[in-house]
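Residue numbering restarts at 1 for every chain, and letters A, B, ... go by the order of the sequence lines. Source: prediction; values computed, not measured.
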Amino acid sequence: MADSGAATRGLPSVAAAIAHDSAERHVAGSAPYIDDIPEPPGLIHLHVGQGGRAHARVTRLDLTATRGASGVIAVLTAADIPGKNDISPFAGDDPMFADGEVRYQGQPLFAVAAETLPKARAAAALAMVEYEDLPALLTIAQARAADSVIEPAQVMALGDAPAAIAAAPQRLEGRIAIGGQEHFYLEGQVSLVIPGEDGDLHVWSSTQHPTETQHVIARTLGCRDNAVTVEVRRMGGGFGGKETQSVHYAAIAALAARKTGRPAKVRLDRDDDMAMTGKRHDFEIGWSVGFDDSGRLAGATFDLASRCGHSTDLSMAINDRAMFHADNAYSLGAARIVSHRLRTHTVSNTAFRGFGGPQGMMGIERAMDAIALSLGKDPLDVRKANLYGVAGETTPYGQVVTDSVALELMEELEEGCAYRARRAAIAEWNGANRILKRGLALTPVKFGISFTTKHLNQAGALVHVYTDGSIHLNHGGTEMGQGLNIKVAQVVADEFQVPLNSVKITSTRTDKVPNTSATAASSGSDLNGMAAQDAARRIKARLIDFAARAFSCDERDVAFTLAGVCAGGVEMTFRELVNRAYLDRVSLAATGFYRTPEIHYDRATHKGRPFYYFAYGAAASEVVIDTLTGESRILRVDILHDVGRSLNPAVDLGQIEGGFIQGAGWLTTEELVFDPAGRLATHSPSTYKIPTAGDRPDAFNIRIWPGGVNREPTIHRSKAVGEPPLMLAISVFSALTDAVASVGRHTVMPHLDAPATPERVLAAVEDVRRRSGSQ
Amino acid sequence: MGRPIRFLLNGEVRELADVAPTDTVLNWLRYEARQTGTKEGCAEGDCGACTVALAELDDGHVRFRAVNACILFLPMLDGKALFTVEALARDGALHPVQQAMVDQHGSQCGFCTPGFVMSLYAHQRQGARADTATLKDALAGNLCRCTGYGPILAAGQAMGPDPDAADLPALAEALAAIRPDEPLEINHRGARFSAPRSLAELAAAIEARPDAVILAGGTDVGLWVTKQHRALPDIISLNEVAELNAIEDPGGAIRIGAGVRYVDAHGPLTALHPEFGALLRRLGGLQVRNLGAVCANIANGSPIGDMPPALIAAGATLVLRRGQATRTLPLEDYFLAYGKQDRARGEFVEAVIVPKPPAGQVFRLFKLSKRFDQDISAVCAAFAITVQDGAVITARIAFGGMAATPKRALATEAALMGQPWTETGVTLAAEALAEDFQPISDMRASAGYRLTAAQNLLIKTFLEADQPSAQRLLQVEALAPRSLAHG
């Protein structure tokens, strides 16, 4: 082949464990992020002035001193916005700058553009702002009492759950509060906007959603979409935190560039980023279940309440997804799921890996542990007895689960991790140890794949083949570390049977592939992989057509192989074929498109088939707690996860491990604390604690399920992997519950809220001691 | 004004004149030198994305330390060698550390990656062990939000020994060659920075400029600049004073000079008692321990510093100097009130003297925090209790995080004295902690948790007094581990 070389990348094989496309640049520090782009001459730096009240009327905003400060070039407020003062994805309720009223601590009130960032910050501090406080709703309870919502409560029902529960031989109910989570992407929000001719703007933004960035900038500036080009090569992490929240700061930079005619950059400092941007929704869940003496559910009800913050953002879909996952992998029997979406005077909560799904699952997993405790059974047996495929097939939203592999995964994992033997050994160990107690839990994950907003399930791609045989690949997905670009490149290289290094991965741009959906919902490779494959196949079809004509053979006798192209017995390199085709005036560029088939959903009734398929996994976690301090450690984790036929096992394993640890952080060490005035007290890594290397258990066995294959015709029969593994970490929370329950000899269900900090674990231990009469 | 600072950047001599004393190395690298491989993740030394390697001569040998560039002031580079991620690849080939990271899939989004590479690089150049436990310690100051750390730990195990070990003598020579003749003295637009080289000069400077900020590792002072956005018009660094960078061990006690880093105090303190080592291991990340000084953790008077309770319980004394005069006082007496210490104008902490806990004494240190590594304590506790004939005959108990200062639990000590060393006796005495402390609720813990946990820690000290450390939480391993992957 003409294009051999760069052996480190391996051959273009779908299913090969190939390193991230930027790995060599990551480790060398030569992969540029937006703040690494050489600063253009005349660049201005913005600092965003924040509101200092949770809810207040702004009675005075005097920026005279700010405007006069050293190095200040412009000061921007709501009055400077030529278009609509709205950066929301669709609801129209999220202003770029608060206009007369602030609705959360840290809400952008104005922005200062200056020659340097320190000057902008110093000038912003000179602003004179006075407020008249208004009543602030900070908590779920306060908002519920005031009936403050972003939309009416939603109800999803299957059968008559209250009646089924009432008629069941056994009944239990409980509540759990689940804290939110800060994304803590290592690269904070950043955008660089460069003005061009005719009012055009080129926007570099660290965003999961270039198209929405384009739309919002056009909306706020009052210009057409075609005047705005948004480009992103890579993000330093996203996790959902750059799906909508990034747009706000890109729009502020764009406004500054428009106002001053100069390049403008917004880069949020860590504390500002944490205070000003939305997080995973915190939830309060009430559950009640009716079941028989074997633990089999007859019915379940869930009351889900989440803190959405001051604006709608994506909270409707997020809370929908919480409802969709209130069953996790279990057939509930009759079900009634009520979801309250509460509007509060706090930062607008947003997408975060799992998108409400993790919170939704917590209720049923608590119920499973409670049922097992009440019946004196192993929770694993109760879980297995209630799985889809074992106990029933129909979800509360009416979709029939036909692809459940949860039982196979759980039983294979149960055997592989020696669950029963360890269960016995742990019981013995706990009997012999007074202060330290171990816990063990094996939990499943079933996660629905597709955007539940149907029209988002589409993607485009653009492929060019140049006459030297090299390929330019572009698609609508964005790279945030999840390995999307390498997976899509593998797909394209595989189509043409060329080495992977023939495929150039390029930055995502709204002027190459338009009207894209956010890279979210784990959909990146499903959608963009198919779109890129479509584009490649269009070109390939033209090449085949040409080769059949040129070499007088049947189209079926044109073969693309790693050794080259063979047409009617004539062998040539891919480059030679491409060059000949060019000379014959064959188009060597194509767009590709994909839309997910078969999905439909009626949001009014909450019925339909919102998900094309489900991704499954199972995890077993062993923990230890200190019953005198509440400290805990994860000792061992075993994971078996279904990624279908993996496009890239190295990338998929990375997603599984990283997702699990991120989920474990959510449920253990990561605690968001707001003070009574609604200010985030944990606004930096000194007070907000994501897992470190030391929190990873030494015994951590992750396996991609060898039996995995997507029953639906997804890209190479793979399955989405971005979000599902996060929820495997619920096994940690259940194991902690098990350890706490051991203090009361497994006679009472611990009250344990998330995150299970030492303080919460200790309180749960003491409560169990009291209720069980144990010492 | 003053001579330029002079250092090696990736092997080449750089001289910078007219630097602002509080400009950070990170900002200089990124926005002046245009070396953007080093990233800003938090600008407060808590995430490690800005990790660089700093080499200096230590007794004629080259010593490498991973440090956070975000809170390192430029003048602190004077006379040292700075290595950034850009320096590692040679002739188009990745350095073994980098190659191992690629091979093990150690990067996802890549933003934290240069920091991890530099932590591993410094670790490798120091010739440190590459077992998992050691690597977890070395990487505790680096946050990754993508990988879950497994591939990075695997890279650490795969990276092999320092391929450039043979170049160390040349680096030592280069460092010796750039050592400036004159102490550093900067006057930059009204901001002053002095780095005297003798104790006498330092004492004279501090006495003459009593309002100057005294700078050691800068792991706290750096944040005054990057987070509080304070202007520091006058800084006196004690880092170049050789007399203060020494640990003396005359037997029975060690004397830790004001400039001694945590990392250098670790060995001698562990030799005094392993509990010190276990506590120090959890104080900050390695980047912080590589720069931060034990005495500075005392001098700044923080109520949540981890060293003071341990040292108070051990009976440490503090040496303060003003000009030629020194005085000593029991460490607990240094902390007067929140933000107020027994330190006169022009006076500074010269050393802390730590006696060895006597054999047979029950000596336990505890740190309670949400995360085990690199977290600030909700409660820090230290117990030094001597039991004779079944009764308590001495008790020194000190806490951090329970009051406005690090503080002894005098009522509890009194309640223990003479009492039987039994669970009942200890449980009764623990009630006195409610007299000693009325802790506050904050983002780290509630008042109720702090008090309950403090009481439980005293009981735990009794219950675990005779237990092997394997019974302790951090030493517990999974039962009968059997790998699924190979099972």
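Under a 4.0 Å N-O distance rule, the pair Arg472(B)/Asp626(A) does not qualify as a salt bridge. Using a 4.0 Å cut-off between charged nitrogen and carboxylate oxygen, Lys227(B) and Asp269(A) count as a salt-bridge pair. A salt bridge links Arg267(A) with Glu40(B); the closest basic N to acidic carboxylate O contact falls under 4.0 Å. Taking 4.0 Å as the cut-off between side-chain N and carboxylate O, Arg270(A) and Asp46(B) do not count as a salt-bridged pair. Salt-bridge formation is detected for the pair Lys370(B)/Glu671(A): a Lys NZ or Arg NE/NH1/NH2 atom is positioned less than 4.0 Å from an Asp or Glu carboxylate oxygen.
Counted within 6.0 Å of CZ on Arg34(B), heavy atoms from surrounding residues, nucleotides or ligands total more than 12; the atom is thus considered enclosed.
Contact count against chain A (heavy-atom pairs under 4.5 Å) is highest for Leu94(B) among Leu88(B), Leu94(B), Thr38(B). Counting heavy-atom pairs closer than 4.5 Å to chain A, the top-ranked of the candidates Asn142(B), Leu368(B), Leu153(B), Thr84(B) is Leu368(B). For the options Pro151(B), Gly45(B), Gly110(B), heavy-atom pairs under 4.5 Å to chain A are most numerous at Gly110(B). Your options are Gln455(B), Glu423(B), Arg450(B), and the one with the most heavy-atom pairs under 4.5 Å with chain A is Glu423(B). In terms of heavy-atom pairs under 4.5 angstrom with chain B, the leader among Leu762(A), Thr757(A), Asp675(A) is Leu762(A). Looking only at heavy-atom pairs under 4.5 Å with chain A, the residue among Cys144(B), Cys42(B), Pro114(B) that has the most is Cys42(B). Of the residues considered (Met118(B), Gln98(B), Arg444(B)), Gln98(B) shows the highest number of contacts with chain A, using heavy-atom pairs under 4.5 Å.
Expressed to the nearest 0.5 Å, how far CG of Leu628(A) lies from OG1 of Thr452(B) amounts to 11.0 Å. From Leu440(A), atom CG reaches atom CG of Leu479(B) across 9.5 Å, with rounding to the nearest 0.5 Å.
Considering His26(A), Arg25(A), His20(A) in turn, His26(A) is the only one that fulfils the side-chain hydrogen bond (donor to acceptor under 3.5 Å, both in side chains) rule with Ser107(B).
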### Message
For a side chain to side chain contact (heavy atoms under 4.5 Å, CB included) check, start with the C-alpha distance between Phe184(A) and Leu143(B), then their side-chain angles and the critical distance, and finish with the verdict.
### Response
CA-CA 10 Å; Phe184(A) 211 87; Leu143(B) 298 180; 4.0 Å; yes
### Query
Given the rule in the side-chain hydrogen bond (donor to acceptor under 3.5 Å, both in side chains) test, do Glu759(A) and Ser446(B) qualify, once you have shown the distances and angles that lead to the verdict?
CA-CA 8 Å; Glu759(A) 177 160 358; Ser446(B) 70; 2.4 Å; yes
### Task
Dump the intermediate steps for side-chain hydrogen bond (donor to acceptor under 3.5 Å, both in side chains) on Thr692(A) and Gln374(B), then the final yes or no.
CA-CA 8 Å; Thr692(A) 62; Gln374(B) 203 218 26; over 6 Å; no
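With sequence neighbours excluded, the residues that form a salt bridge (Lys or Arg N to Asp or Glu O under 4.0 Å) with Glu670(A) are Arg145(B).
For Leu186(A), the parts lying under 4.5 angstrom from a heavy atom of chain B are both the backbone and the side chain.
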